[in-house]
Structures are given as C-alpha cells and as structure tokens.
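Computed over heavy atoms, backbone and side chain alike; hydrogens, waters and symmetry mates excluded.
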Amino acid sequence: MNCKGFSALILFFFGPGVFLLFQGISQEELTVMHSIPSRGKIEFSLKEDSTVYANSETTSSKKLQTTLKLTPKPAPKPIPEPTSKLAPEIVISARMERIKAVCNARKQPNFHAYAMFYFPKLKVTWLPVFKASSTTWKNFLIDKTLPPDVTFNSNHYGYGLIIPFRLDWKKMIGPKTGPRRKRVWEVEPNDSIRFTVIRHPLSRLVSHYRKTMTSPEDQDAFRDRWIKAAIIHARRNRAWSAEKQRDYEKEMDDMLRLDAENPKGSPDNPYLALPTFPELVRFILDVHEPKRLNKHWIPIAQRTDICQNDLDIVMKLENEQNELPYLLERLNLSRFTDDLMSVKRNPSGGKIVAETEVEEHLKLLSKNEQKQLNKLYQIDYDMFGYEPVYV
C-alpha cells in the first residue's frame with residue numbers, strides 16, 4: 001500500500017483532523033494522537049522499515065511498518081466531597097453529582113433490599129437506612145401523617161404503621177417509564193422528593209453492635225437474626241456430640257429470650273457469653289454473602305439500590321447540623337423543625353458513635369480483618385465520599 005493509499009486509510013478511519021495533521025508532517029516517524037471519548041486514546045505510529053506484511057501491497061523500495069496501540073480510557077474520578085463549611089445546597093448537590101458519576105462508572109446490581117415509603121399527605125418519599133436516624137424519621141413521619149390515637153401493637157410508633165405507605169418494588173410501573181426516574185410507582189407523583197439519611201458504614205456497624213450488647217430487648221430481637229449464628233460460628237467444637245450441641249444451643253436461646261423463666265446454663269457452656277466484636281466481624285466476613293447481609297450493616301449503596309432509585313437528596317448524619325435545615329426546606333417541612341427535633345432523641349438511647357469509639361473497636365481486629373471489613377464497604381466510600389478507617 002503506497003503513501004497515497006495510506007493517507008486515504010487515515011482519512012477513512014480517523015477523520016479529517018488527523019488526516020490534515022498527517023499531511024503536514026514529512027518525517028520518517030510520525031505519531032498521531034486521536035481522542036475517542038468512548039474508548040480512550042489511540043496512538044498511531046508510522047515509520048519506514050524493510051518489513052513487509054503478508055497483506056501489504058507496495059511498489060516502493062521502502063516499506064511501511066504500522067503499529068496501533070489502544071490506551072483504555074480511565075474510569076472517571078469521583079467528584080470529591082466538598083467541605084461542610086460551604087452552603088449545604090452546594091455540598092448536597094456535589095454529593096448527588098458524585099453518586100451519579102460513580103453509578104455511571106460501574107455496573108451496580110439490583111439487590112432489592114430497600115424499603116421506600118411515600119407519604120401522600122406530605123408529598124415526600126423516604127428511604128430509611130438503619131442506624132442512620134431511621135427511628136427519628138419514622139416517628140416524625142408517623143406523627144405528621146397519622147392521628148395520635150392510631151397504634152400498632154399498642155405503640156403509636158410501631159413500624160407496622162408505615163407498612164401501608166411502602167412502595168413495593170414488585171409493583172413498579174417502571175423501570176424507565178418516567179421522565180426523570182428509572183423506577184416509577186403509580187401512587188407516587190413524579191414531583192415527590194425522594195430522600196435518605198446516611199452514616200459512615202463502620203459507625204453504623206459499631207452502633208448496632210454496642211446497642212445490641214447493652215439492650216436485653218435487642219438481644220431478644222436479634223437472637224435468631226445473627227447473635228446465635230455468630231456465637232456458634234466462633235465457638236462450636238465439632239468434637240461435641242449432637243446432643244451436647246443441642247443442649248448448649250437451648251441454654252443460649254434461653255439466655256437471650258426475654259420471656260425465658262429462670263434460664264440456667266451449664267458452667268462449661270461457651271455459648272452463654274455474648275459475641276465479641278471480632279466474632280461479629282468474622283461472622284460477617286466468613287459467612288454472609290452481600291445479598292444476605294443484615295440491614296443494620298449492609299453497605300448503604302446495596303441497601304438503598306442507590307443507582308436505581310434516583311434519590312433527590314442524600315443527607316449525611318455527620319453533617320446534620322448544617323444539612324438538616326436545607327433538607328426540611330426542600331421537603332417543604334421547615335415549619336416542623338421543632339417537632340422533628342423533639343423526637344430527635346432515639347427513645348432507645350441511641351446516639352452518634354464517636355470516631356474514637358469506632359477506632360477502639362477496630363483495634364480489636366487484626367490488620368487483615370480491618371482490610372477485609374473496609375473492602376466490604378468500599379462501595380460506600382466511593383459512592384458517598386467516606387474514608388476507610390485503619391488503626
């Protein structure tokens with residue numbers, strides 16, 4: 001192939017911009033950089049050589065050797081989390097752009113682990129994240145939606161009261177049927193505001209562990225969800241007989257049940273002590289697949305299906321003082337600020353876990369366990385701008 005034919009080839013494949021550049025340079029070696037936005041950069045090199053390719057045609061004594069190198073386009077870097085000293089609307093807007101960028105850069109599967117609730121009276125849609133002020137928001141939304149004499153199991157703040165407001169993912173009329181959302185429900189108008197409140201994943205985990213270990217009610221509630229399984233995973237002796245295993249498990253169950261009468265345990269039963277934090281972490285890392293993670297410690301991006309549910313506002317609990325007024329304004333609920341703050345204290349005694357407390361719990365783990373635990377939450381670090389924690 002002669003130079004004239006090769007010029008036509010460049011014009012055909014790379015466009016007039018590269019062709020003109022090629023035409024204006026008469027050197028033995030030529031390098032052309034041509035940007036292809038969807039693929040990256042192609043580096044094209046042409047130099048004289050005596051090599052002849054089998055499918056080449058030439059009448060010149062000088063032959064052309066060509067090489068084509070594709071440099072993959074790097075994944076876009078997430079937009080950095082701006083300082084909380086900026087106006088909250090700027091901070092939250094940048095956060096939403098970061099979420100969008102990360103979602104576009106990676107294929108995030110659907111987990112359908114979320115529960116999203118639309119409250120017609122308020123025209124807001126709430127996606128709770130457990131251990132991120134979810135009890136406060138549940139109580140507040142019940143107060144503003146239902147009469148005070150309505151109860152569930154004699155409790156005005158019973159979780160069952162908000163079940164009728166749930167947007168069942170099995171009843172979507174989407175996806176991709178609305179002008180701005182992938183997932184659409186007939187009962188939810190397109191102009192409703194979807195929001196959630198998030199929190200550092202390790203803070204959520206430590207908070208759940210601490211509260212469960214100090215609350216007999218929680219020990220009763222979570223005994224079949226993870227406490228017994230974590231204890232057995234850590235302490236089971238396969239040399240025990242099946243009968244001894246059953247007896248030990250029965251004693252453990254009685255210890256955790258609130259309604260157990262005079263629970264007694266064998267002095268040599270290792271199951272009678274509550275799980276340690278390292279035992280819980282090893283249970284999470286060794287046993288649970290992502291889709292089966294408990295809702296109190298599952299990564300937020302998985303819990304919320306963040307890339308599919310098109311939230312309008314994601315507020316960080318750590319920045320609540322600055323971001324809450326803006327959130328209430330966007331929800332058109334600013335008039336209820338005092339009411340929200342009156343139920344802000346979690347009645348179960350929960351509070352934001354200090355960074356030092358998270359570090360104290362992480363010190364109980366090996367370096368490898370810390371690495372694996374942070375790896376579990378890498379999706380949240382990427383999505384929301386949180387940092388991993390190592391001690």
field: Trace of the side chain to side chain contact (heavy atoms under 4.5 Å, CB included) decision for Leu141 with Val124
entry: CA-CA 10 Å; Leu141 292 168; Val124 301; 4.3 Å; yes
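- Asp380 places no side-chain N or O within donor-acceptor distance of the main-chain N or O of Pro299, the cut-off being under 3.5 Å.
- The backbone N or O of Thr136 lies less than 3.5 Å from no partner atom in the side chain of Ser133, so there is not a single donor-acceptor pair.
- If you chain together hydrophobic residues whose side chains sit under 4.5 Å apart, Ile163 and Leu146 fall into the same group.
- Although no hydrogens or angles enter the test, the distance criterion places no donor-acceptor pair under 3.5 Å between the side chain of Glu359 and the main chain of Val391.
- Among Glu243, Lys250, Glu249, Lys244, the single residue meeting the side chain to side chain contact (heavy atoms under 4.5 Å, CB included) criterion with Asp247 is Glu243.
- Taking CD1 from Ile284 and CD from Gln372, the interatomic distance works out to 13.0 Å, rounded to the nearest 0.5 Å.
- In terms of modelled atom types and a separation under 3.5 Å, the side chain of Arg95 and the main chain of Val314 share a donor-acceptor contact.
- Between Thr125 and Ser192, the shortest heavy-atom contact is OG1-OG, 3.5 Å.
- Looking at every heavy atom in both residues, Ala301 comes nearest to Phe384 through N-CE1, 4.1 Å.
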task: Please assess Leu317 against Val129 for the test side chain to side chain contact (heavy atoms under 4.5 Å, CB included), listing each intermediate value before the final yes or no.
output: CA-CA 11 Å; Leu317 187 61; Val129 172; over 6 Å; no
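- Linking Ile, Leu, Val, Met, Phe, Trp and Tyr residues whenever their side-chain heavy atoms come within less than 4.5 Å leaves Val358 and Tyr390 in two separate clusters.
- One N or O on the side chain of Gln219 and one on the backbone of Thr212 form a donor-acceptor pair closer than 3.5 Å.
- With hydrogens and angles ignored, the 3.5 Å screen pairs no side-chain donor or acceptor of Glu89 with any backbone N or O of Tyr326.
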query: Do Leu122 and Leu331 pass the side chain to side chain contact (heavy atoms under 4.5 Å, CB included) test, and can you show the C-alpha distance, the side-chain angles, and the key distance before you say yes or no?
result: CA-CA 8 Å; Leu122 304 176; Leu331 298 176; over 6 Å; no
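- Side-chain atoms of Glu323 come within 3.5 Å of backbone atoms of Lys316 as a donor-acceptor pair (strictly under, hydrogens ignored).
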message: Under the criterion salt bridge (Lys or Arg N to Asp or Glu O under 4.0 Å), I'd like the reasoning laid out for Lys100 against Glu97: C-alpha separation, chi angles, the key distance, then a yes or no.
response: CA-CA 5 Å; Lys100 182 179 179 180; Glu97 287 298 318; 5.2 Å; no
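- The salt bridge (charged side-chain N to carboxylate O under 4.0 Å, His left out) test with Glu188 singles out one residue from Arg194, Arg166, Lys123, and that residue is Arg194.
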message: With side chain to side chain contact (heavy atoms under 4.5 Å, CB included) as the criterion, how do Arg204 and Ile300 come out once you've worked through the C-alpha distance, each side chain's angles and the decisive distance to 0.1 Å?
response: CA-CA 10 Å; Arg204 290 176 59 226; Ile300 299 168; 3.6 Å; yes
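- Nearest heavy atom pair, residue Tyr381 against residue Pro201, reads CE2-CG, 3.7 Å.
- With a 4.5 Å cut-off on side-chain heavy atoms, Asn374 and Leu202 count as touching.
- Looking at Leu311 and Ile99, their side chains never come closer than 4.5 Å, going by heavy atoms from C-beta outward.
- Residues Asp253 and Asp224 are in side-chain contact: their nearest non-hydrogen atoms beyond the backbone lie under 4.5 Å apart.
- Residue Lys228 places its NZ atom among more than 12 non-hydrogen atoms of other residues, nucleotides or ligands, all under 6.0 Å distant.
- Within the 3.5 Å criterion, the main-chain N or O of His200 finds a donor-acceptor partner in the side chain of Glu318.
- Looking only at side-chain heavy atoms (C-beta outward), Leu258 and Pro216 come within less than 4.5 Å of each other.
- The aromatic ring centres of Trp297 and Phe283 sit 6.0 Å or more apart.
- The CG atom of Asn155 lies 7.5 Å from the CG atom of Leu161; values are rounded to the nearest 0.5 Å.
- Aromatic ring centroids of Phe117 and Trp137 lie 6.0 Å or more apart.
- With rounding to the nearest 0.5 Å, the separation of CG in Leu127 from OG1 in Thr304 is 6.0 Å.
- Looking only at side-chain heavy atoms (C-beta outward), Ile162 and Trp126 come within less than 4.5 Å of each other.
- A 4.5 Å side-chain heavy-atom check between Arg210 and Ser207 finds at least one atom pair inside the cut-off.
- By the 4.5 Å heavy-atom criterion applied to side chains, Glu357 and His361 are counted as neighbours.
- Partner of His208 under the ring-ring contact (aromatic ring centres under 6.0 Å, His included) criterion, out of Phe222, Phe130, Phe277: Phe222 alone.
- Exactly one residue among Asp149, Thr151, Asp143 makes a side chain to side chain donor-acceptor pair (under 3.5 Å) with His156. That residue is Asp143.
- Atom-to-atom distance recorded for Ile298:CD1 and Tyr377:OH is 9.0 Å, nearest 0.5 angstrom.
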task: Might you work through the side-chain hydrogen bond (donor to acceptor under 3.5 Å, both in side chains) test for Asn153 and Tyr159, ending with a clear yes or no?
output: CA-CA 10 Å; Asn153 290 340; Tyr159 187 82; over 6 Å; no
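- For the pair Lys144 and Phe336, the cation-pi criterion (under 6.0 Å, within 45° of the ring axis) is fulfilled.
- The two residues Ser134 and Pro128 have their closest heavy-atom pair at CB-CB, 4.2 Å.
- In this structure, the side chain of Thr276 engages the main chain of Glu279 through a donor-acceptor pair within 3.5 Å.
- Across all their heavy atoms, Gly265 and Leu272 have their closest contact at CA-CD1, 3.5 Å.
- A heavy-atom distance below 4.5 Å is found between the side chains of Met252 and Ile231.
- Proximity of the aromatic rings of Tyr118 and Trp185 is defined here by a centroid distance below 6.0 angstrom, and this criterion is not met.
- In terms of heavy-atom proximity, Trp240 sits nearest to Pro270 at CH2-CG, 3.5 Å.
- Side chain of Arg98 to main chain of Asp382: a donor-acceptor pair is present (N/O by atom type, distance under 3.5 Å, no hydrogens or angles).
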